Amino acid sequence: MTSTVSAGRAVVPRRLLMCRPEYFDVNYSINPWMHPEKPTDAGSALVQWEELHGLYRSLGHTVELVEPVPGLPDMVFAANGATVVGGKVLGARFRHRERTAEGPAYLDWFAANGYQDILWPEFINEGEGDYLQVGDLLLAGTGFRTDPRSHLEAQEFFGVPVISLSLVNPNFYHLDTALSVLGPGEVMYYPAAFSPGSQAVLRRLFPDAVLASDQDAAVFGLNAFCDGLNVLLPQAATGLAGQLAERGYRPIGVNLTELLKAGGSVKCCTLEL
Ligand code: ARG
């Protein structure tokens, strides 16, 4: 059994929502990682996803599952399904029609599982793909998917200060592909994914942040999940793993290469409840 405390860092058990990639496929392209002409293997996507799911459970986290829907191959990316802050749920309204049906499918799960304060949004937002809570703030991405007007809608609904950040590189089209929350005041991010002004905001808010190299960002290393001690991140992000270990975190490399063909990895598969 692995210990849950190390170098002053400790696991805070989480409740997570995931979706089995039963109907996973890449049959359309809505981000530069997706190449429908290249073969995908739904079987190995499932095996890789099961490993992540098992890992969360073995680390002491609770994982809830939402039923996958045929014809929604990206539904495995649960992070996009909604945003939950303090028990309130902001529904997701997707930018591309290929994913629009996922919004109501996820909201049905919340309605059926005791969540009462649920808002169907006016503006496009892709859930926790673009909204990341760090301490008392909600970091909010825009530029490719989430409409900047959604940021004000989220701030009004949650009553939490929202910090708008502009994404400028299409390879990092959601905030969670370019920035990962480690703790209440700690993040890691890839500066070049952000506009100069947003880089300045990040430097001001997080002067001690872990900065990702081009190589680690290119293998989706920032699409990570941290529980206070363990950091689950794509296996290939070895530089980031070293930087995290130096800071007392316990990096755990996860192999999700099949899901990366759709432009997603660890964090994309994980919605924090
Ligand atoms: N193919 C999906 C899309 O482009 C991938 C979503 C990844 N999710 C995330 N939270 N970054 O929408």
Side-chain angles (χ1 to χ4, degrees), residues 16-38 40 42 45 48-49 52 66 68-69 71-84 90-103 105-106 124-133 138-147 150 154 165 167-181 187-190 193-194 212 217-226 232-234 237 254 256-273:
L16 310 171
L17 180 62
M18 297 181 76
C19 180
R20 209 178 290 282
E22 224 139 290
Y23 307 105
F24 177 72
D25 198 359
V26 178
N27 52 23
Y28 52 78
S29 179
I30 56 172
N31 72 55
W33 303 79
M34 302 176 86
H35 301 286
E37 68 284 3
K38 287 192 190 155
T40 46
Q48 293 179 347
W49 179 92
L52 176 66
V66 57
V69 175
L72 297 178
D74 272 336
M75 198 172 164
V76 58
F77 301 116
N80 301 126
T83 303
V84 185
L90 177 67
R93 198 187 258 265
F94 286 82
R95 164 99 24 212
H96 300 98
R97 65 173 164 71
E98 290 89 340
R99 297 195 71 186
T100 45
E102 293 182 44
Y106 273 92
I124 287 173
N125 83 81
E126 299 204 349
E128 294 180 11
D130 273 324
Y131 283 116
L132 294 171
Q133 200 181 357
L138 194 56
L139 303 182
T142 187
F144 297 99
R145 300 293 179 86
T146 296
D147 187 316
S150 165
L165 298 167
L167 296 162
V168 295
N169 178 335
N171 288 325
F172 306 99
Y173 56 91
H174 278 141
L175 182 62
D176 73 355
T177 67
L179 184 146
S180 178
V181 177
V187 302
M188 55 180 180
Y189 67 95
Y190 179 50
F194 296 91
V219 294
F220 241 59
L222 291 160
N223 198 244
F225 169 85
C226 178
L232 283 60
L233 77 173
V254 186
L256 286 174
T257 46
E258 205 52 41
L259 296 178
L260 191 55
K261 294 177 184 170
S265 190
V266 176
K267 179 59 182 78
C268 298
C269 293
T270 314
L271 189 150
E272 281 208 50
L273 293 169

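As a basis for the values below, the full set of heavy atoms in this structure was taken, side chains included, without hydrogen atoms, waters or symmetry mates. For this chain, numbers begin at 1 and follow the sequence in order. This one's a predicted model, so the numbers in the text were calculated from it and none came from an experiment. Start at 1 and go down the list; that is how both ligands and their atoms are numbered.
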Over all heavy atoms of both residues, which pair between Phe225 and Leu16 is shortest? Give the atoms and the distance, please. CE1-CD2, 3.8 Å
Mind listing the closest non-hydrogen atom pair of Asp176 and Asn223 along with its distance? O-ND2, 2.8 Å
If you define the side chain from C-beta out and look only at heavy atoms, does anything of [X] sit under 4.5 Å from [Y]?
X     : Y      : value
Tyr23 : Val69  : no
Phe77 : Thr270 : no
Val66 : Met75  : yes

Examine the proximity of ligand 1 to [X] and report which part, side chain or backbone, both or neither, has a heavy atom under 4.0 Å away.
X      : result
Tyr173 : side chain
His96  : neither
Lys267 : neither

In Leu132, Leu222, Val181, the residue satisfying side-chain contact (heavy atoms from CB on, under 4.5 Å) with Lys267 is Leu132
Going by heavy-atom distance to atom 2 (C) of ligand 1, choose the closest among Asp74, Asn223, Leu259, Val26. Asp74
Considering Met34, Arg99, Glu126, which one's heavy-atom position lies nearest to atom 6 (C) of ligand 1?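 It is Arg99 that holds the nearest heavy atom.
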Residue [X] vicinity, atoms of ligand 1 by number, heavy atom under 4.0 Å:
X      : result
Asp176 : 9 (C), 10 (N), 11 (N)
Arg145 : 3 (C), 4 (O), 12 (O)
Gly263 : 5 (C), 7 (C)
Gly129 : 10 (N)
Asn80  : 6 (C), 7 (C), 8 (N), 9 (C), 10 (N)
Ala262 : 1 (N), 2 (C), 5 (C)

Residue and atom name of the nearest protein heavy atom (relative to atom 9 (C) of ligand 1), distance in Å to one decimal: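 Going by distance alone, atom 9 (C) of ligand 1 is nearest to Cys268 SG, 2.7 Å.
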Under a 3.5 Å threshold, yes or no: a donor from one side chain and an acceptor from the other, between Tyr190 and Thr177? no
CA sep, side-chain torsions, deciding dist, call: Leu271, Val84, side chain to side chain contact (heavy atoms under 4.5 Å, CB included): CA-CA 8 Å; Leu271 189 150; Val84 185; 3.9 Å; yes
Can you check whether Trp33 and Phe220 have ring centres sitting under 6.0 Å from each other?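 Yes - the distance between ring centres of Trp33 and Phe220 falls below the 6.0 Å cut-off.
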Could you say whether the N/O atoms of Thr177 and ligand 1 ever approach to under 3.5 Å?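 Between Thr177 and ligand 1, no N or O pair is found under 3.5 Å apart.
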